[in-house]
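Here is the structure we will look at, set down as structure tokens.
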Amino acid sequence: MPVKDEDTYMIGTVVRLKRTGEFAIIRNRCFLREDKYFLNYLGEIEGRPGGLYALYHEDIELECLPPE
């Protein structure tokens with residue numbers, strides 16, 4: 001199912017990984033194709049060594065939106 005721009009999380013959003021319960025903060029997002037069918041984010045995961053990790057839209061849930 002296509003993911004639309006309005007369904008994506010903003011940069012700076014805190015999310016929870018469904019499988020592990022870990023928290024992450026979204027630092028970047030990208031679509032695989034122009035029709036925006038597949039979405040993943042790059043984010044920092046709390047407690048893991050530095051670097052960005054792939055976070056997949058269907059594997060995370062909203063925890064906290066970034067302050068405006």
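Note that these values count all heavy atoms, side chains included, but never hydrogens, waters or copies made by symmetry. Since we're looking at a predicted model, the values are computed, not measured.
The line from OH of Tyr9 to CG of Leu65 is 9.0 Å long, rounded to the nearest 0.5 Å. Between the CG atom of Asn40 and the OG1 atom of Thr8 there is a distance of 12.0 Å, given to the nearest 0.5 Å.
Within the structure, salt bridge (Lys or Arg N to Asp or Glu O under 4.0 Å) contacts touching residues 8-28 (residues at least two apart or in different chains) are Arg16-Glu63, Glu22-Arg48, Arg27-Glu44.
No continuous path of hydrophobic side-chain contacts links Leu52 to Ile25 [ILVMFWY only; heavy atoms under 4.5 Å]. Both Ile60 and Leu62 belong to a common hydrophobic cluster when Ile, Leu, Val, Met, Phe, Trp and Tyr are linked at side-chain heavy-atom distances under 4.5 angstrom.
At a threshold of 4.5 Å between non-hydrogen side-chain atoms, the residues Ile11 and Tyr41 do not count as touching. Phe23 places none of its side-chain heavy atoms less than 4.5 Å from the side chain of Ile45. Contact annotation: the side chain of Leu17 approaches that of Leu55 to within less than 4.5 Å [non-hydrogen atoms, C-beta and beyond].
Considering all non-hydrogen atoms of both residues, Gly12 and Pro66 come closest at O-CB, 3.7 Å.
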